[in-house]
Amino acid sequence: MTTTTTRVLALLEILQGGGLHTVPDLSARLAVDERTVRRYVRHLLDLDVPVDAVRGRYGGYRLAPGYRMPPLMLTDEEALAVVLGLLAAQSAGLVTASAAASESAAAKLRRVLPKPLARRLAALLETADVTARPRPGAAPETAVLLGLAEATHQQRPVNLTYTDRKGRRTDRTVLPYGLVAHAGRWYLAGADPAAGDGDGDGNVRTFRLDRIAALSVRSGSFVVPAAFDPVARVLNGLARTPWAHEVSVRVRAGVPHVRRHLPADLATVVPIPAAAGIDDAEPAEPDGEPDGTPEADQGGWVRVRLRAERLDWIPPVLAALDRPFVIEHPAELRDLVRGLARRLDACADR
């Protein structure tokens, strides 16, 4: 590619960024004189690229509004970022219901890139793999995701047809507060005015986008509550999903230690004030560091609450905490913990 062609394309890339650019500014950025800048502009006009010339003291050049750019011009790093973004979205399960969209997008990208770069990116896609696999289940429709994104940004109510986890289909009016991508799924955190106060957060609810069958944006507007955190609300909502068993356990540990084993989408972890007298109610622990962890790192007591369809996975997690704990409920969990303790003891004596 000749130096002149390279600089003409560089000029087009600058104009593609939008705005009005003065001739002195373009001259400095392209490292050519002002007369050469005007010649480059004529080259673009000869290629049917509509460059507007704005006269006057503050005049310059800009692309005509509404002009659709020719094939993308990306650096190696930019092209790699786009391709890796497509690959990551596909592997995380965040693509919409059109499963072939990311593959076709990558193919189109390769077609408009210089052949050497396209060949290297194709080699990357054919040889690279990821450890994470898409979460099984349906993906949201493109129109649903983009429609909710626009409504959330503009703070406009939406009507949606939603199917809950029990298969009940309802029509709702929701105020969309925020969208969250978590564990291969898209979620909406928003207010459902007709729902009432059911879980301690007023009428704020969490909705899975793949369960939304229809969506329409309504007129009107709303204000998102101050300091509302969509991520925290979605994780908290997932942790409080009403499964078959409600579990409550007191653990003598700090919140960060418990969180390493029980993330926010599985359990709520709340410190218990020292005034509650929990330490006095439990057997005294020996002084020092019986488990290799400084006593200061163990913290006080916290209450862990979670809901689960099965209890069999919880005893191993409690054992992995390696901290004193007290099961408050359910009683069946105590039997499962005793059973695990017997099996571990038997294995230790072999």
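Numbering starts at 1 and runs along the sequence shown.
Between Leu179 and Leu209 there is a side-chain heavy-atom pair separated by less than 4.5 Å. Looking only at side-chain heavy atoms (C-beta outward), Val304 and Phe325 stay at 4.5 Å or farther from each other. A heavy-atom distance below 4.5 Å is not found between the side chains of Glu246 and Pro330. A 4.5 Å side-chain heavy-atom check between Leu30 and Ile14 finds at least one atom pair inside the cut-off.
Leu15 and Leu45 fall within a single hydrophobic cluster, where Ile, Leu, Val, Met, Phe, Trp and Tyr side chains are chained together by heavy-atom contacts under 4.5 Å. Hydrophobic clustering places Ile272 together with Val326 (ILVMFWY residues linked when any side-chain heavy atoms are closer than 4.5 Å, directly or through intermediates). In the hydrophobic cluster analysis, where Ile, Leu, Val, Met, Phe, Trp and Tyr join through side-chain heavy atoms closer than 4.5 angstrom, Leu215 is grouped apart from Leu146. In the hydrophobic cluster analysis, where Ile, Leu, Val, Met, Phe, Trp and Tyr join through side-chain heavy atoms closer than 4.5 angstrom, Leu20 is grouped apart from Leu11. When hydrophobic clusters are built by joining Ile, Leu, Val, Met, Phe, Trp and Tyr residues whose side-chain heavy atoms come closer than 4.5 Å, directly or via intermediates, Leu235 is not grouped with Leu266.
Contact record, Pro271 with Val255: CG-CG2, 3.8 Å, taken as the closest heavy-atom pair. Nearest heavy atom pair, residue Ala267 against residue Ala239, reads N-CB, 3.6 Å. Considering every non-hydrogen atom in both Leu336 and Pro315, the closest pair reads CB-CG, 3.7 Å. In this structure, Ala308 and Ile314 approach most closely via the heavy-atom pair CB-CD1, 4.4 Å. The two residues Leu321 and His261 have their closest heavy-atom pair at CD2-CD2, 3.6 Å. When every heavy atom of Phe228 is checked against every heavy atom of Ala189, the shortest pair comes out as CZ-CB, 4.0 Å.
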Worked check of side-chain contact (heavy atoms from CB on, under 4.5 Å) between Val251 and Val269: CA-CA 10 Å; Val251 181; Val269 183; over 6 Å; no
Can you list the steps and then say if Leu340 with Leu318 is a side-chain contact (heavy atoms from CB on, under 4.5 Å)? CA-CA 11 Å; Leu340 175 62; Leu318 294 176; over 6 Å; no
Before giving the answer on salt bridge (charged side-chain N to carboxylate O under 4.0 Å, His left out), spell out for Asp345 and Arg342 the whole-Å C-alpha distance, their side-chain angles and the decisive distance to 0.1 Å. CA-CA 5 Å; Asp345 185 60; Arg342 285 192 295 269; over 6 Å; no
Check the pair Arg310 / Asp312 against salt bridge (charged side-chain N to carboxylate O under 4.0 Å, His left out), numbers first and verdict last. CA-CA 6 Å; Arg310 302 188 339 267; Asp312 53 355; 3.2 Å; yes
Run Asp210 and Arg208 through salt bridge (charged side-chain N to carboxylate O under 4.0 Å, His left out) and show every step you take. CA-CA 6 Å; Asp210 59 302; Arg208 272 175 47 179; 2.7 Å; yes
Run the side-chain contact (heavy atoms from CB on, under 4.5 Å) test on Leu63 and Asp52 for me, step by step, so that the C-alpha distance in whole Å, both residues' side-chain angles and the decisive distance to 0.1 Å come before the verdict. CA-CA 6 Å; Leu63 286 179; Asp52 287 341; over 6 Å; no
Would you check, one step at a time, whether the test side-chain contact (heavy atoms from CB on, under 4.5 Å) holds for His21 with Tyr61? CA-CA 5 Å; His21 300 271; Tyr61 295 106; 5.6 Å; no
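Around the CZ atom of Arg62, the shell of radius 6.0 Å holds no more than 12 heavy atoms that belong to other residues, nucleotides or ligands. For Arg165, the CZ atom sits in a packed shell: over 12 heavy atoms of surrounding residues, nucleotides or ligands are nearer than 6.0 Å. No more than 12 heavy atoms of other residues, nucleotides or ligands lie within 6.0 Å of CD in Glu150, so this atom counts as exposed by the packing criterion.
If you take CZ on Arg39 and CG on Asp33, they are separated by 7.5 Å, rounding to the nearest 0.5 Å. The distance from the CZ atom of Arg169 to the OG1 atom of Thr163 is 4.5 Å, given to the nearest 0.5 Å. Here His329 contributes atom NE2 and Ser248 contributes atom OG; the two are 4.0 Å apart, rounded to the nearest 0.5 Å. Distance NE2/His43 to CZ/Arg7: 12.0 Å, rounded to 0.5 Å. Atom-to-atom distance recorded for Leu306:CG and Thr241:OG1 is 11.0 Å, nearest 0.5 angstrom. One distance of note links CG of Leu47 with CG of Leu12; it measures 9.0 Å at 0.5 Å rounding.
A side-chain donor-acceptor contact under 3.5 Å links Arg334 to the backbone of Ile327. Arg233 places a side-chain N or O within 3.5 Å of a backbone atom of Val204 that can act as its donor or acceptor partner. A distance-only check finds a donor-acceptor pair linking the side chain of Arg307 to the backbone of Arg240 [under 3.5 Å]. Thr161 places no side-chain N or O within donor-acceptor distance of the main-chain N or O of Asp171, the cut-off being under 3.5 Å.
In summary, Arg205 and Asp192 do not engage in a salt bridge, as defined by a charged side-chain N under 4.0 Å from a carboxylate O. Of the charged side-chain nitrogens involved, none lies within less than 4.0 Å of a carboxylate oxygen, so that Asp164 and Lys166 do not count as a salt-bridged pair.
Between Phe222 and Tyr177, the ring planes are tilted. Angles from 30° to 60° get that label. The aromatic rings of His182 and Tyr187 lie tilted to each other, with the angle between the two planes from 30° to 60°.
Just one residue in the list Asn159, Val174, Leu175 forms a side-chain contact (heavy atoms from CB on, under 4.5 Å) with Arg218, and that residue is Asn159. Of the candidates Val258, Val249, Val270, Thr268, Val302 forms a side-chain contact (heavy atoms from CB on, under 4.5 Å) with just one, namely Val258.
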